[in-house]
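The structure appears right after this line, and notes come after that.
In what follows, every heavy atom counts, from backbone to side chain, and hydrogens, waters and symmetry copies are set aside.
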Amino acid sequence: AELWLGSRDGVYVLAYPSLRVKHYFLGGYSISSVFKDKEGGLWFSTFEEGVFYVPAPDIQHFTTNEGLLFNRVTCLSRDFQNRLWIGSESSAFSVYDGQKMVSRQIFPENVKNKNIRNIRHFLDGTTLVIGKAATLYLRDGVEKYLCHRSSDVNIDKKGEFWVCLT
């Protein structure tokens, strides 16, 4: 077994349970999250250089040149249509379907220090883009704002929203 660790100076792959370093890569990059997709590809988000994708052994690198609005990436998630969602700074997020990157902001103007914190997908088709500026509810073409300044939001089995405010 392995433990993948994103740090302020790259990615460490540790043997588990000994925690011996097996591999180290992406040195010099602040890694904000590590995500393994169902095909075995690895996605690494960074605080300064966008997203790296490693399908093995080739590395794909996604930045503003490939369609991200900002290179400071704060979170990653995968929806039930197998699209990658990328949360960023200034209430921005992107959706990558394997061919095309579509990016936008919750608010059309830059909102300082209001990063996307999490992106959640639910079986009923609901997606929540959770940000410090607001949480955006998306479902069947409907968009609405749920709350302001949340760190996380979840929906329980009864359909009730649980909000973590900061």
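Taking all atoms of both residues into account, the shortest heavy-atom contact from Thr135 to Gly131 is OG1-N, 4.1 Å. Contact between Tyr145 and Ala134 at its shortest, heavy atoms only, is CD2-CB, 4.0 Å. In terms of heavy atoms, Arg78 sits closest to Asn82 at NH1-O, 2.5 Å. Smallest separation of non-hydrogen atoms from Ala92 and Gln105: CB-CG, 3.7 Å. Considering every non-hydrogen atom in both Leu68 and Val51, the closest pair reads CD1-N, 4.1 Å. Counting all heavy atoms, side chain and backbone alike, Asp37 lies closest to Trp43 at OD2-NE1, 3.0 Å.
Atoms CG and OH, from Leu3 and Tyr12 in turn, are 13.0 Å apart once rounded to the nearest 0.5 Å. The distance from atom CG of Asp9 to atom CD1 of Ile31, rounded to the nearest 0.5 Å, is 9.0 Å. Note: Leu19 CG to Glu2 CD = 12.5 Å, rounded to the nearest 0.5 Å. For the atom pair OG of Ser90 and CG of Leu69, the computed distance is 9.0 Å after rounding to the nearest 0.5 Å. Separation of atoms CG (Asp79) and OG1 (Thr127) is listed at 6.0 Å; rounding is to 0.5 Å. Atoms CZ and CG, from Phe80 and Leu123 in turn, are 4.5 Å apart once rounded to the nearest 0.5 Å.
Residues Lys132 and Ser91 fail the side-chain proximity criterion, which asks for heavy atoms closer than 4.5 Å. Side chains of Asn154 and Phe122 form a contact here, defined as non-hydrogen atoms less than 4.5 Å apart. Within the 4.5 Å cutoff, no side-chain heavy atoms of Val21 are placed close to those of Val13. For the pair Asp156/Phe161, no side-chain contact is recorded, criterion being any heavy-atom separation below 4.5 Å from C-beta on. The shortest side-chain heavy-atom distance between Ile155 and Thr126 falls under the 4.5 Å cut-off. Counting heavy atoms from C-beta outward, Ser88 and Ile116 have side chains that stay 4.5 Å or more apart.
Side-chain N/O atoms of Ser77 and His121 include a donor and acceptor closer than 3.5 Å. Judged by distance alone, the side chains of Gln81 and Asp97 never bring a donor and an acceptor atom under 3.5 Å apart. Using modelled atom types, one finds no donor on one side chain facing an acceptor on the other under 3.5 Å when comparing Thr74 with Ser32.
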Worked verdict on Leu84 versus Tyr53 for side chain to side chain contact (heavy atoms under 4.5 Å, CB included)
CA-CA 11 Å; Leu84 181 71; Tyr53 174 63; over 6 Å; no
Would you check, one step at a time, whether the test side chain to side chain contact (heavy atoms under 4.5 Å, CB included) holds for Glu49 with Val73?
CA-CA 8 Å; Glu49 292 295 328; Val73 175; over 6 Å; no
List the steps and the verdict of side-chain hydrogen bond (donor to acceptor under 3.5 Å, both in side chains) for Glu89 and Asn71.
CA-CA 8 Å; Glu89 66 179 294; Asn71 285 332; over 6 Å; no
Verdict with supporting geometry, Ile130 and Arg120, side chain to side chain contact (heavy atoms under 4.5 Å, CB included)
CA-CA 8 Å; Ile130 303 156; Arg120 293 187 178 271; 4.0 Å; yes
Criterion side chain to side chain contact (heavy atoms under 4.5 Å, CB included) on Leu128 and Leu136, from CA distance to verdict
CA-CA 6 Å; Leu128 299 178; Leu136 181 63; over 6 Å; no
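Judged as a salt bridge (Lys or Arg N to Asp or Glu O under 4.0 Å), and not counting sequence neighbours, Arg72 has no contacts. With sequence neighbours left out, the salt bridge (Lys or Arg N to Asp or Glu O under 4.0 Å) criterion links Glu66 to no other residue. Contacts of Asp124 classified as salt bridge (Lys or Arg N to Asp or Glu O under 4.0 Å), with partners at least two apart in sequence or in another chain: Arg139.
Around atom OH of Tyr16, no more than 12 heavy atoms belonging to other residues, nucleotides or ligands sit under 6.0 Å away. Heavy atoms of other residues, nucleotides or ligands lying less than 6.0 angstrom from NZ of Lys36 number 12 at most.
Screening Thr46, Thr63, Val11 for a side-chain contact (heavy atoms from CB on, under 4.5 Å) with Phe52, the sole residue that qualifies is Thr46.
Ring geometry for Phe44 against Trp4 counts as tilted: the plane angle lies between 30° and 60°, on a 0 to 90° scale.
In terms of hydrophobic clustering, with Ile, Leu, Val, Met, Phe, Trp and Tyr side chains grouped at heavy-atom distances under 4.5 Å, Leu26 and Val54 are assigned to a common cluster.
Ion pair Glu143/Arg104 flagged as a salt bridge, since at least one NZ, NE, NH1 or NH2 atom sits closer than 4.0 Å to an Asp/Glu carboxylate oxygen.
Formation of a donor-acceptor pair under 3.5 Å by the Tyr29 side chain with backbone atoms of Arg8 is not found in this model. At distances below 3.5 Å, not a single donor-acceptor pair connects side-chain atoms of Ser94 with backbone N or O atoms of Ile86.
Taking the six-membered ring for Trp, Tyr96 and Phe62 have ring centres closer than 6.0 Å.
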